[in-house]
Amino acid sequence: MRILVVGGGGREHALCWKIAQSPQVTHLFCAPGNAGIASIATCVAIAAEEVDVLCRFARDERIDLTVVGPEAPLVLGIVDRFRAAGLAIFGPDRAAAEIEGSKAFMKGLFAKYGIPTASYQLFTDPAAALAYVKGRSAPMVVKASGLAAGKGAIVCPTVADAVAAVERIMVTREFGVAGDQVVVEDFLQGEEASFMALVDGEHVLPLAGSQDHKAVFDGDTGPNTGGMGAYSPAPILTPRLHDLAMERVMYPTVRAMAAEGRPYRGLLYAGLMIDGEEMRVLEFNARFGDPETQPLLMRMQSDLVPLLQAAAVGSLRGMTITWDPRTALCVVMTAGGYPGSYEKDLPISGLEQAAAVPDAVVFHAGTRLQDGRVVTKGGRVLGVTALGVDAAAAQRVAYVAAERIHWPGVHYRRDIGYRAVGRR
Ligand code: AMP
Ligand code: GLY
């Protein structure tokens with residue numbers, strides 16, 4: 001099989017790493033890829049959002065299956081475009097990707113089908129939104145409805161913060177058209193977990209549970225980022241809560257999407273807030289999580305390719321996935337200053353020494369090759385991922401590997417997985 005992976009972050013490096021191990025694969029392409037992906041796939045200089053160019057490439061190269069990493073091309077309708085051209089592709093079509101692309105749509109679906117979530121109000125008029133937040137009690141969460149690269153949800157401890165958040169989203173329009181509509185919802189207490197499943201329109205095949213750390217500094221403090229680290233399994237997702245997530249969240253959502261005439265095919269990711277036996281959905285994503293995919297795929301023992309193919313063009317009925325019982329843990333190394341502004345093109349040292357650590361894999365995110373050297377290119381630069389008999393062991397190995405890597409200003413959290421380690 002000839003496979004094309006769309007994207008160029010840590011998630012896509014992990015997808016390429018896993019797909020390249022499949023005996024079914026004869027050639028692997030990645031668009032645009034990164035310096036790490038270049039060692040296992042043919043990187044093609046096409047951006048993930050260039051849907052028409054990607055479609056032409058897939059046709060010319062006789063690609064058998066395209067796997068889409070990021071949300072932006074899904075929301076732009078890459079899947080509709082490929083299917084119309086008779087090309088097999090893994091991911092939801094444009095109508096189904098609305099579950100991530102529009103929080104207004106997602107919250108409406110939850111309300112209509114009784115899927116547990118935070119209660120909310122939706123606004124298109126800034127004056128009405130401001131009047132509402134001034135008249136209610138804090139804390140609350142103010143969210144841009146559209147895609148905002150993971151930065152559009154603002155947790156507001158006070159009413160003044162909520163006023164400022166509405167102004168940022170709707171008045172100064174920090175997130176552009178993503179802020180045409182705003183969702184104001186109750187602040188939920190609890191611990192977050194990521195619940196992902198492969199879906200073929202009807203059947204739901206859950207992946208192992210995982211958890212990520214969104215805040216930039218140790219102790220989950222500082223601004224939210226795309227994700228500073230992740231691990232799997234997630235001890236908080238007990239077998240009982242796993243079943244509850246399937247019964248109350250995943251199956252009802254897949255049935256609801258089919259009933260709405262938007263059958264969901266691809267990867268469905270529920271961000272859950274768990275408080276004792278209570279479970280609510282914070283958000284849905286229409287794609288694999290980043291960085292959760294890095295530890296998840298290190299634990300996956302089954303061949304990923306038939307699973308992706310079944311979700312895309314066949315049936316997942318009767319399919320199973322086997323998992324390494326060990327824990328995998330990923331430490332994200334970022335450019336100094338991220339998620340604010342940061343420097344680029346800094347040479348990275350120690351990559352080979354880190355890769356030599358047994359049970360560790362260095363997934364690249366924002367890297368590129370410059371005159372044969374690997375340099376930084378993005379905010380999230382690397383995801384150092386390791387396996388261990390338990391969370392403490394995986395954490396130890398990941399940090400042994402991470403400490404071998406350097407560039408000026410490098411930042412990473414020293415406490416990834418502390419909840420899982422503490423639960424032992
Ligand atoms: P979202 O993009 O909606 O997933 O929000 C990003 C992050 O903001 C989540 O992962 C949570 O950490 C936090 N968050 C979002 N909604 C809520 C909520 N209703 N209550 C508490 N925290 C929230
Ligand atoms: N790690 C959170 C996300 O992928 O959205």
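Note that ligands are numbered from 1 as they come in the structure, with each ligand's atoms numbered from 1 the same way. What's counted below: heavy atoms across the whole structure, side chains too, no hydrogens, waters or symmetry copies.
Residue-level proximity to ligand 2 for Arg287 is carried by the side chain, the only part with a heavy atom below 4.0 angstrom. When non-hydrogen atoms are compared, ligand 2 lies under 4.0 Å from neither the backbone nor the side chain of Phe288.
Here the rule is salt bridge (Lys or Arg N to Asp or Glu O under 4.0 Å) with Asp186, and of Lys107, Lys143, Arg136 only Arg136 fits it. Exactly one of Phe288, Trp323, Tyr231 qualifies for a side-chain contact (heavy atoms from CB on, under 4.5 Å) with Leu296. That residue is Trp323.
If you number the atoms of ligand 2 from 1 as listed, the ones under 4.0 Å from a heavy atom of Gly289 come out as 4 (O). Counting the atoms of ligand 1 from 1 in the order shown, those under 4.0 Å from a heavy atom of Leu188 are 18 (C), 19 (N), 20 (N), 21 (C). Remark: ligand 1 atoms within the under-4.0 Å shell around heavy atoms of Asn224 are 7 (C), 8 (O). The contact set between ligand 1 and Val141, taken as ligand atoms under 4.0 Å from a residue heavy atom, comprises 16 (N), 17 (C), 18 (C), 19 (N), 20 (N). Of all atoms in ligand 1, numbered sequentially from 1 with element shown, those under 4.0 Å from a heavy atom of Lys103 are 1 (P), 2 (O), 3 (O).
In this structure, Phe57 CZ and Asp52 CG are separated by 15.0 Å, a value rounded to the nearest 0.5 Å. Atom NE2 of residue His364 and atom CD1 of residue Ile37 lie 9.5 Å apart, to the nearest 0.5 angstrom.
Inclusion of Lys214 in the set of residues having an N or O under 3.5 Å from an N or O of ligand 2 is not warranted.
Tyr399 contributes a side-chain N or O that, together with a main-chain N or O of Asp415, makes up a donor-acceptor pair within less than 3.5 Å.
Residue Arg11 places no heavy atom under 4.0 Å from ligand 2.
Considering all non-hydrogen atoms of both residues, Pro32 and Cys43 come closest at O-CB, 3.6 Å.
Here the protein heavy atom with the shortest distance to atom 13 (C) of ligand 1 is Val155 CG2, 4.0 Å.
Distances from atom 12 (O) of ligand 1 to the heavy atoms of Lys214, Glu185, Glu192 put Glu192 nearest.
You'll find the side chain of Leu382 reaches within 4.5 Å of the side chain of Trp407, heavy atoms only.
Within 6.0 Å of atom CD in Glu49, more than 12 heavy atoms from other residues, nucleotides or ligands are found, so the atom counts as buried in its surroundings.
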